[in-house]
Protein chains: 2
Amino acid sequence: MNKILSNVVIHKDYSKDIVRVLRSSKSDELIRRKLSKYHENDIADAIKLLDKDTRIRLYKILGVDWTAEIFSYLEDTPEYIEEFMTELSVDEAADVLEKMDADDAVDILDNVSEEERQALISHMEKDAKDDVCLIYSYDDDEIGSKMTTNFICINNKLTIKEAMKELVAQAEENDNVNTIYVVDDNNIYYGAIDLKDLIVARDYQKLEDIISTSYPYVYAHEKMSECIEDLKDYSEDSIPVLNKDKEIIGAITSSDIIEAVDEEMSDDYAKLAGLTEENDLTEGLFASMKKRLPWLILLLFLGMGVSSVVGIFENVVSQLAIIVCFQSLILDMAGNVGTQSLAVTIRVLMDEDISAKQKLEFVLKEMRIGFANGLLLGSMAFILLGIYITLVKGKPVHYAFAISGCVGVSLLLAMLISSLIGVLTPMFFHKIKIDPAVASGPLITTINDLVAVVTYYGLAAVVLIGMLHITG
Amino acid sequence: MNKILSNVVIHKDYSKDIVRVLRSSKSDELIRRKLSKYHENDIADAIKLLDKDTRIRLYKILGVDWTAEIFSYLEDTPEYIEEFMTELSVDEAADVLEKMDADDAVDILDNVSEEERQALISHMEKDAKDDVCLIYSYDDDEIGSKMTTNFICINNKLTIKEAMKELVAQAEENDNVNTIYVVDDNNIYYGAIDLKDLIVARDYQKLEDIISTSYPYVYAHEKMSECIEDLKDYSEDSIPVLNKDKEIIGAITSSDIIEAVDEEMSDDYAKLAGLTEENDLTEGLFASMKKRLPWLILLLFLGMGVSSVVGIFENVVSQLAIIVCFQSLILDMAGNVGTQSLAVTIRVLMDEDISAKQKLEFVLKEMRIGFANGLLLGSMAFILLGIYITLVKGKPVHYAFAISGCVGVSLLLAMLISSLIGVLTPMFFHKIKIDPAVASGPLITTINDLVAVVTYYGLAAVVLIGMLHITG
């Protein structure tokens with residue numbers, strides 16, 4: 001067999017190869033050997049395609065350690081977790097959980113029934129159980145709930161040689177070795193050592209010289225969403241997590257950060273689209289409905305409010321029916337401009353700490369953009385619609401350009417005001433500590449609709465009908 | 001001084017402290033010592049607040065290595081790069097670039113003028129220059145353009161002891177030590193060793209036993225967007241990047257993956273909001289306008305198309321002006337449902353490879369959701385608007401419920417069709433290899449508007465006016 005072919009190229013599906021290995025009735029030893037050529041992530045994908053009996057046989061062949069590693073990769077497809085876990089006896093399942101990083105074990109436990117969870121936790125040995133309980137003691141949005149308890153920690157008074165020995169001893173249990181955390185005699189966080197520096201250090205050097213006392217840390221009770229930008233910026237392999245007494249209780253690794261970035265962005269994305277959270281491909285009809293209904297129902301009621309305002313202009317419409325044609329144009333443009341400003345503002349509010357002065361500058365800039373774009377598009381609408389109404393509808397030129405002028409001015413005003421609303425609404429919600437991505441969407445659509453409708457029909461009523469006496 | 005306070009807690013702004021250190025006229029040595037208590041990321045933030053002269057003095061105090069580390073953190077605020085780089089002489093700047101990881105150097109070079117870039121590259125020493133040119137030889141969306149050339153690589157025939165020695169030798173130059181890549185005698189990728197396994201290995205063990213030959217890899221010419229999901233799923237610290245001959249030419253680290261995830265999601269997010277790309281806080285007015293105008297202009301023309309369709313129903317409106325009140329309600333609801341389906345579909349298409357059968361199931365599910373939500377909201381609109389028109393507008397009950405019935409049925413139909421369009425449009429663009437996130441937005445808004453308008457006014461014309469003879 002060509003050795004090279006056994007490497008795993010990203011972006012290829014190995015599941016079928018693996019299933020073929022398992023379905024062949026080779027000896028356990030041969031299966032183990034063949035499977036060792038595949039990455040655990042690929043084996044995790046493959047076992048989803050197996051029937052229950054083959055899977056149960058496989059768990060025995062693999063043993064607890066290997067099964068634990070494979071189950072750590074189930075996180076992305078949580079819908080399989082409960083099924084797989086119940087295929088193991090409670091004792092076996094608890095053993096598998098003990099072998100996993102505590103945060104991965106929590107991910108698994110989050111996806112089994114309450115009853116099963118209690119049973120599994122009570123069957124775990126004390127150390128692993130304590131770690132799981134520590135992670136569970138934090139709220140979902142706190143750093144502590146995302147951390148791993150798998151890290152290396154040494155005293156700052158050791159020699160280089162002692163430090164290396166301590167590392168080797170701890171590495172058996174904890175495989176996050178890239179950054180070694182350092183505490184002082186009171187067990188208080190002191191700094192961190194880049195493993196590379198320890199490896200290249202000479203025995204006569206002092207440990208102190210390679211400890212980075214400026215290494216960043218984070219508190220377990222802090223909110224993930226507030227730290228994520230900074231965690232990203234420091235671009236370290238792992239960041240120590242401290243309790244209130246400055247003792248190290250865990251670590252945030254770069255894969256935790258990847259997950260958090262992904263989650264946070266998915267969340268913003270979903271909310272911008274009017275979903276309460278991101279969809280899963282496999283979730284049921286009602287789960288999907290539930291994520292979409294809140295906004296739709298709110299929008300229905302707000303829309304009824306807009307309808308009653310449009311109702312005020314019923315009279316205008318019955319006198320000058322042609323203006324109805326351009327209502328959707330103005331509303332769509334205003335809506336789009338508002339969404340653009342909203343999206344930009346939310347990302348700015350999330351990403352950076354900006355001062356009051358910067359906020360004001362930002363608002364003014366958004367308004368300038370709205371005005372400039374409005375002026376351009378309003379002028380285009382004035383000219384193009386004027387020509388269209390004259391030629392296609394066969395109306396007199398002064399009538400056509402009066403109508404298109406009304407559309408153009410309304411576009412400019414609606415786009416200017418929509419930019420302002422699109423930037424002020426999320427800022428307001430951010431100020432009063434409500435997630436702007438959730439709250440802003442339907443409100444902005446509605447306010448923009450109202451502004452656009454009132455501007456447009458108001459202008460038509462006052463200028464076209466009232467002053468120019470245009471009807472029909 | 002309390003030692004502990006010198007650690008860097010995430011999510012705190014140290015810039016002012018650092019600036020204070022620099023502005024005080026202490027000796028160079030004292031400044032160096034004080035600055036060593038801060039993280040390079042924080043120093044990078046701080047130097048933005050300094051005046052040019054202080055900064056130039058600082059570069060001298062810090063030296064080339066430290067300056068290079070700090071400049072690696074400028075990536076997030078590229079607007080400062082050109083200014084800072086020109087404060088150094090070409091020779092100094094080239095020295096700084098040589099000390100950086102090649103991919104970080106490329107990030108810096110991307111943000112200076114063409115002329116300056118050529119000058120800097122020509123002043124770099126051969127090794128560093130070659131690395132930079134290698135990265136530049138790949139397209140922006142190819143893996144090769146994101147990789148670092150900083151990795152450790154050893155032969156698979158070494159003993160454990162030799163491997164450790166080789167690691168220490170290479171670690172001086174390359175600090176990505178967490179995963180050691182392994183090649184065979186022909187310099188072809190063979191596998192990888194987890195540094196932890198090498199550290200805990202006994203001298204009598206064979207290196208072969210700790211090499212993971214199933215370690216995943218990726219080709220330099222592959223597209224980042226196509227690999228990102230897999231790179232994430234394997235959750236390894238770094239992934240080797242191979243050329244066509246299967247030789248290792250670089251590595252993708254977890255911070256590269258974090259950046260790529262962030263970029264990809266930001267892109268989708270921006271496009272959903274009708275922006276061609278994500279905004280920067282600091283960019284100019286015209287840059288911001290340019291990102292927003294393409295969609296707005298397209299939407300203006302499409303909106304004119306919708307207007308001319310509404311024009312067909314001018315007659316209906318002049319006979320039954322009250323129905324105009326509910327146009328925005330129906331269009332907003334249809335638009336929102338379409339955006340929800342669009343957003344969900346784009347994420348599904350990006351995230352997963354799904355089969356034709358799964359696609360069909362997905363379309364059917366979206367339609368079921370659209371129908372169920374439409375039925376619920378249509379019924380609510382029927383009842384509530386009926387009551388509203390009777391009580392507030394003082395119209396007869398049969399008139400009120402005929403109008404609200406027309407609104408309710410239009411809502412149901414518009415929401416059903418919008419779901420279908422919201423899922424089919426991105427699938428179509430995906431099929432013909434056009435980015436669905438870019439192309440779908442304005443088209444969906446327009447089609448949904450058209451469908452909603454035709455359904456609503458059509459129903460009003462045929463049923464209300466034609467069959468029930470309701471006018472006024």
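Numbered from 1 within each chain, the chains take letters A, B, ... in sequence-line order.
- Only the side chain of B:Asp237 comes within contact range of chain A, with heavy atoms under 4.5 Å apart.
- Residues B:Phe326 and A:Met304 are not in side-chain contact: their nearest non-hydrogen atoms beyond the backbone lie 4.5 Å or more apart.
- If you measure heavy-atom distances from A:Asp194 to chain B, you find no contacts under 4.5 Å at all.
- Contact count versus chain A (heavy atoms, under 4.5 Å) is highest, among B:Val261, B:Val177, B:Val317, B:Leu377, for B:Leu377.
- Counting heavy atoms from C-beta on, the side chains of A:Tyr388 and B:Ser307 never come closer than 4.5 Å.
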Worksheet item: Step by step, would you call A:Leu329 with A:Leu385 a side chain to side chain contact (heavy atoms under 4.5 Å, CB included)?
Response: CA-CA 11 Å; A:Leu329 177 70; A:Leu385 290 181; 4.1 Å; yes
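- Side-chain contact between A:Leu195 and A:Thr179: absent, with no pair of heavy atoms (C-beta onward) separated by less than 4.5 Å.
- For A:Leu300, the parts lying near chain B are the backbone and the side chain together; criterion is any non-hydrogen pair under 4.5 Å.
- For A:Ser308, the parts sitting under 4.5 Å from any heavy atom of chain B are the backbone and the side chain alike.
- There is no contact between B:Ile323 and chain A, counting heavy-atom distances below 4.5 Å.
- With a 4.5 Å cut-off on non-hydrogen atoms, B:Leu411 touches chain A through its side chain but not through its backbone.
- Taking A:Ile199, A:Thr339, A:Leu376 one by one and counting their heavy-atom pairs under 4.5 Å with chain B, the maximum is reached by A:Ile199.
- In this structure, OG in A:Ser318 is found 11.0 Å from CG in B:Leu320, a value given to the nearest 0.5 Å.
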